[in-house]
Amino acid sequence: MPNFDRMPNLFIIGAAKAGTTALYDYLTQHPQVFLSRVKEPMFFSREEHYARGLHWYEDAYFEGAEDYPVRAEATPHYLYWSEKVAPRIKQVYGDRPVQFIVTFRDPVSRAYSWYWNMVREGREELNFDEALRVEESRLEQNRYELYQLGSMVYGYSAGSRYASLLQPYLELFPATSFFFVFQDDLMSRVQETCEEIFEFLGVESSIRINTSNSNPAAMPRSRLLHKTLRRRFLLKEFVKPIMPSKVRRPLKKIMMQVNLKETPYVPLDPQLAHELRLSYRTEIEKLEKITGRELSSWKAG
């Protein structure tokens, strides 16, 4: 039986590239909120992690969390892989109270941002329009591997179909369990939005938040260094015996940040953006009903 006094009772489930990193950084500033030391544990989405069990999850990410009323993690993969993650969370928590924060962004800009994220990581070599044309076949051909890893690779258009991705959660958890955040609000009215979130969580709402651009568009100065730092098995093999994880992880994060150079994306082709926006119309209309938010700016004119 897991210790629910230190297990997370809040999940920031995505969407990817829609402000989850900024929200994670803001919540870490609240003295009543415990955030997992690794932002994206991917426990419920990655088969290898899930197989290790709840006690491993607790010990790895939530040591000391029992002293906090709100305990959270932020894994965007949980929205993308909602078909398996939502039932797993429900099975673990049953009728125990658990809350979810879901972040949204214009679906076209989110898809394009995720594409450039994959380019930066060295996982995508096709042009955006080509990647969209073969997305469905790629996802089908690689489904087993992607499922095992809980990976969002190739899921550019798929990751922006918010209403469909939300459905498994909405079927299993009450509407009062959800707080919906739009990236525009995190950018234009940070303090007010955070106060609303704190009220939703039942913690002190007057905490002042220091803001910054938590995850700007960037490309690696050295792709070789970037790939080497991401190869966890290589780093562990050579560094783990002489450097504890509490030193190794922050050092790796610093090295990756220093190696990144803030670089604006190439502008998206207007015609391609229009076609993609048309494909999202039904999803957007469903999301309007779910969130009660008018989203005409996301729709094709």
Side-chain angles (χ1 to χ4, degrees), residues 10-27 30 33 70 72 74-83 85-86 89 97-114 152 155-203 205 207 209 211 213-215 268 273-301:
L10 170 65
F11 294 95
I12 303 169
I13 61 175
K17 307 305 291 183
T20 59
T21 299
L23 185 54
Y24 175 91
D25 290 343
Y26 298 156
L27 287 176
H30 199 293
V33 181
V70 176
T75 301
H77 306 71
Y78 290 174
L79 181 62
Y80 186 87
W81 286 102
S82 59
E83 62 187 42
V85 173
I89 294 177
V98 60
Q99 295 177 299
F100 302 91
I101 297 178
V102 194
T103 62
F104 304 110
R105 174 182 182 178
D106 177 297
V108 174
S109 63
R110 191 224 67 88
Y112 195 48
S113 179
W114 183 245
M152 298 185 288
Y156 310 119
S157 177
S160 289
R161 302 192 181 282
Y162 307 132
S164 294
L165 294 175
L166 267 174
Q167 198 58 41
Y169 286 98
L170 298 176
E171 291 173 357
L172 293 173
F173 299 94
T176 53
S177 300
F178 298 89
F179 190 94
F180 303 121
V181 181
F182 290 81
Q183 189 187 51
D184 289 346
D185 294 335
L186 283 175
M187 297 173 66
S188 63
R189 46 187 299 272
V190 178
Q191 188 62 42
E192 297 94 327
T193 301
C194 286
E195 288 177 3
E196 292 168 1
I197 291 172
F198 296 152
E199 290 177 3
F200 166 73
L201 298 176
V203 295
S205 62
I207 301 297
I209 297 299
T211 63
N213 189 353
S214 301
N215 199 9
L268 177 57
H274 179 73
E275 294 172 1
L276 192 54
R277 200 169 296 283
L278 283 173
S279 73
Y280 289 134
R281 187 172 187 87
T282 300
E283 286 284 334
I284 294 170
E285 291 173 349
K286 290 180 180 178
L287 189 66
E288 287 179 317
K289 294 178 181 178
I290 292 170
T291 63
R293 182 84 167 240
E294 191 271 327
L295 301 170
S296 58
S297 63
W298 289 6
K299 300 174 185 176

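Atom set for the values below is all heavy atoms of this structure, side chains included, hydrogens, waters and symmetry mates excluded.
Of the possible donor and acceptor atoms, none in the side chain of E294 sits under 3.5 Å from a partner among the backbone N and O of E288. In this structure, E283 contributes its side chain and S164 its backbone to a donor-acceptor pair below 3.5 Å.
In terms of the side-chain hydrogen bond (donor to acceptor under 3.5 Å, both in side chains) criterion, S82 has no residue partners (sequence neighbours excluded). Remark: F198 pairs with H30 by the ring pair (Phe, Tyr, Trp, His ring centres under 6.0 Å) rule, at least two apart or across chains. Legend: residues meeting side-chain hydrogen bond (donor to acceptor under 3.5 Å, both in side chains) with Q99, ordered by chain and number and at least two apart, are absent. For E199, the side-chain hydrogen bond (donor to acceptor under 3.5 Å, both in side chains) criterion is met by no residue, not counting sequence neighbours. Scored by the ring pair (Phe, Tyr, Trp, His ring centres under 6.0 Å) test, Y80 finds no partners at all (sequence neighbours excluded).
Between R293 and D185, at least one side-chain nitrogen of the basic residue sits less than 4.0 Å from a carboxylate oxygen of the acidic one, meeting the salt-bridge criterion. For the pair R281 and E285, the salt-bridge criterion is met [side-chain N within less than 4.0 Å of a carboxylate O].
Among all heavy-atom pairs drawn from A163 and L287, the shortest one is CB-N, 4.0 Å. When all heavy atoms are compared, the tightest approach of G155 to W114 is O-CD1, 4.1 Å. Summarising the geometry of L201 relative to V70, their closest heavy-atom pair is O-CG2, 4.0 Å, with the distance given to 0.1 Å. The two residues A86 and F173 make their nearest non-hydrogen contact at O-CE1, 3.9 Å. Considering every non-hydrogen atom in both Y162 and A15, the closest pair reads CE2-CB, 3.6 Å. For F200 against I101, the heavy-atom pair with the smallest separation is CE2-CG1, 4.4 Å.
Annotation: side chain of S157 is in contact with side chain of R161 (closest heavy-atom distance under 4.5 Å). Side-chain atoms of I197 and L23, non-hydrogen and from C-beta on, do get closer than 4.5 Å to each other. Two residues are said to be in side-chain contact when any heavy atoms from C-beta on lie closer than 4.5 Å; F11 and V85 fail this criterion. Within the 4.5 Å cutoff, side-chain heavy atoms of F100 are placed close to those of I89. The closest side-chain heavy-atom distance from Y112 to L276 is not below 4.5 Å. Within the 4.5 Å cutoff, no side-chain heavy atoms of K17 are placed close to those of M152. Using a 4.5 Å heavy-atom threshold, the side chains of T291 and F182 count as touching. Side-chain contact between L166 and F104 is present, with at least one heavy-atom pair separated by less than 4.5 Å.
With rounding to the nearest 0.5 angstrom, the OG1 atom of T193 is 9.5 Å from the CD atom of Q191.
Taking the six-membered ring where the residue is Trp, F178 and Y169 present perpendicular rings, their angle passing 60° and hence far from 30°.
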(request) Let me see the working for T211 and Y26 under side-chain contact (heavy atoms from CB on, under 4.5 Å), right down to the final yes or no. (result) CA-CA 7 Å; T211 63; Y26 298 156; 3.9 Å; yes

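Screening residues 97-111 for salt bridge (charged side-chain N to carboxylate O under 4.0 Å, His left out) gives D106-R277 as the qualifying pairs, with residues at least two apart or on separate chains.
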